[in-house]
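Hydrogens, waters and symmetry mates play no part in the numbers below; they use all other heavy atoms, side chains included. Predicted model, so just to flag it, every value in this text is computed and none were measured.
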Amino acid sequence: MQPPAIVRQTDPASMGSTAPGSAHYADPVSQEEAAAMLRASFNLFTRWQLDAQQSRRLLGSPSERTFQRWKAGDIASIPHDTVCRLGDLMGIHKALRYLFTDPQRGYDWIRKPSPAFGGRSALDRMLQGAPTDVAAIRGYLDAERAGW
């Protein structure tokens, strides 16, 4: 059985427009692209100084065995939920690179308490575990840079 197609928006104005043949058709994310995002996420987790438990949580809590296989580069398939989380993690990284000229400041920002998150850090919010927690941080950062 094939996993459901994952879609990515090819045009920011196309939110919700996924009709085949339209100018704003959302392309599926291939497993190869998802695997590339997973590898990039492991690099990002190193820069954010996350431990294995935190990394697993951000990926949707895969089994320890699956996590270790993925980390070793043995990536057979990635569930839809994880692919969505990976997209948000890549969006967070991109937004932080736009917001901070010094990449280290962006990596450090993840752990800094913020009034926007009730005095907690963005990492604390993301580690609550729901996919919407990671998406909320991405949404916050996208809104912060929207005026540019």
Side-chain angles (χ1 to χ4, degrees), residues 5-18 23-148:
I6 311 299
V7 295
R8 69 170 172 253
Q9 297 296 336
T10 56
D11 177 352
S14 69
M15 298 306 286
S17 175
T18 58
H24 305 298
Y25 183 72
D27 297 324
V29 173
S30 71
Q31 284 294 310
E32 292 80 17
E33 291 168 323
M37 287 193 299
L38 182 61
R39 288 188 299 272
S41 291
F42 281 123
N43 289 331
L44 187 59
F45 296 161
T46 298
R47 287 178 166 76
W48 287 351
Q49 300 177 348
L50 303 186
D51 61 29
Q53 181 181 2
Q54 292 169 319
S55 299
R56 282 182 58 213
R57 185 86 175 207
L58 292 182
L59 294 173
S61 299
S63 71
E64 179 65 29
R65 184 174 181 199
T66 296
F67 177 78
Q68 291 303 329
R69 280 198 333 258
W70 286 351
K71 200 168 179 184
D74 181 11
I75 305 168
S77 69
I78 301 171
H80 176 81
D81 172 72
T82 303
V83 173
C84 292
R85 289 168 178 270
L86 291 169
D88 284 332
L89 290 166
M90 294 297 99
I92 289 166
H93 176 63
K94 178 181 177 180
L96 290 170
R97 293 301 298 264
Y98 279 122
L99 290 169
F100 297 104
T101 55
D102 175 15
Q104 189 59 49
R105 287 188 62 206
Y107 302 140
D108 294 342
W109 178 88
I110 289 293
R111 293 182 170 276
K112 289 189 177 186
S114 170
F117 310 120
R120 302 186 74 195
S121 71
L123 180 60
D124 290 334
R125 172 67 193 270
M126 291 189 292
L127 290 175
Q128 290 178 11
T132 54
D133 295 318
V134 177
I137 300 303
R138 181 181 185 178
Y140 170 80
L141 290 169
D142 286 348
E144 282 294 304
R145 67 184 189 95
W148 296 19

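With rounding to the nearest 0.5 Å, the separation of CZ in Phe67 from CD in Gln53 is 10.5 Å. Note: Arg56 CZ to Thr66 OG1 = 9.0 Å, rounded to the nearest 0.5 Å. Within the model, atoms CH2 of Trp70 and OG1 of Thr82 stand 4.0 Å from one another, a figure rounded to the nearest 0.5 Å. Annotation: the span from Gln54 atom CD to Met126 atom CE amounts to 9.5 Å, rounded to 0.5 Å. Between the CZ atom of Arg138 and the CZ atom of Arg85 there is a distance of 14.0 Å, given to the nearest 0.5 Å. Put simply, CD1 on Ile92 and OH on Tyr140 are 12.5 Å apart, with the number rounded to the nearest 0.5 Å.
The two residues Asp81 and Gly60 come nearest to each other via the heavy atoms OD2-CA, 4.0 Å. Smallest separation of non-hydrogen atoms from Asp88 and Pro131: OD2-O, 4.5 Å.
Within a 6.0 Å radius of CZ in Arg69, more than 12 heavy atoms belonging to other residues, nucleotides or ligands are found. Counting non-hydrogen atoms of other residues, nucleotides and ligands closer than 6.0 Å to CD of Gln68 gives a total above 12.
In this structure, Trp48 and Phe45 have tilted ring planes: the angle between them lies in the 30° to 60° band.
Listed for the Arg145 side chain is no donor-acceptor partner under 3.5 Å among the backbone atoms of Ala95. Remark: side-chain polar atoms of Ser121 are paired, donor with acceptor, to backbone N or O of Asp124 under 3.5 angstrom. A donor-acceptor pair is defined here as one N or O able to donate and one able to accept, closer than 3.5 Å; such a pair exists between the side chain of Ser55 and the backbone of Asp51. Under a 3.5 Å cut-off, the side chain of Arg111 and the backbone N or O of Gln49 do form a donor-acceptor pair.
Between Tyr98 and Leu141, the closest side-chain pair of non-hydrogen atoms is not below 4.5 Å. Within the 4.5 Å cutoff, the side chain of Arg39 has heavy atoms near those of the Ile75 side chain.
Only one option out of Leu86, Leu59, Leu58 pairs with Val134 in a side chain to side chain contact (heavy atoms under 4.5 Å, CB included); it is Leu58.
Salt bridge absent: Asp108 and Lys112 never bring a charged side-chain N and a carboxylate O closer than 4.0 Å.
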Derivation and outcome, side chain to side chain contact (heavy atoms under 4.5 Å, CB included), residues Met37 and Ile78:
CA-CA 10 Å; Met37 287 193 299; Ile78 301 171; over 6 Å; no
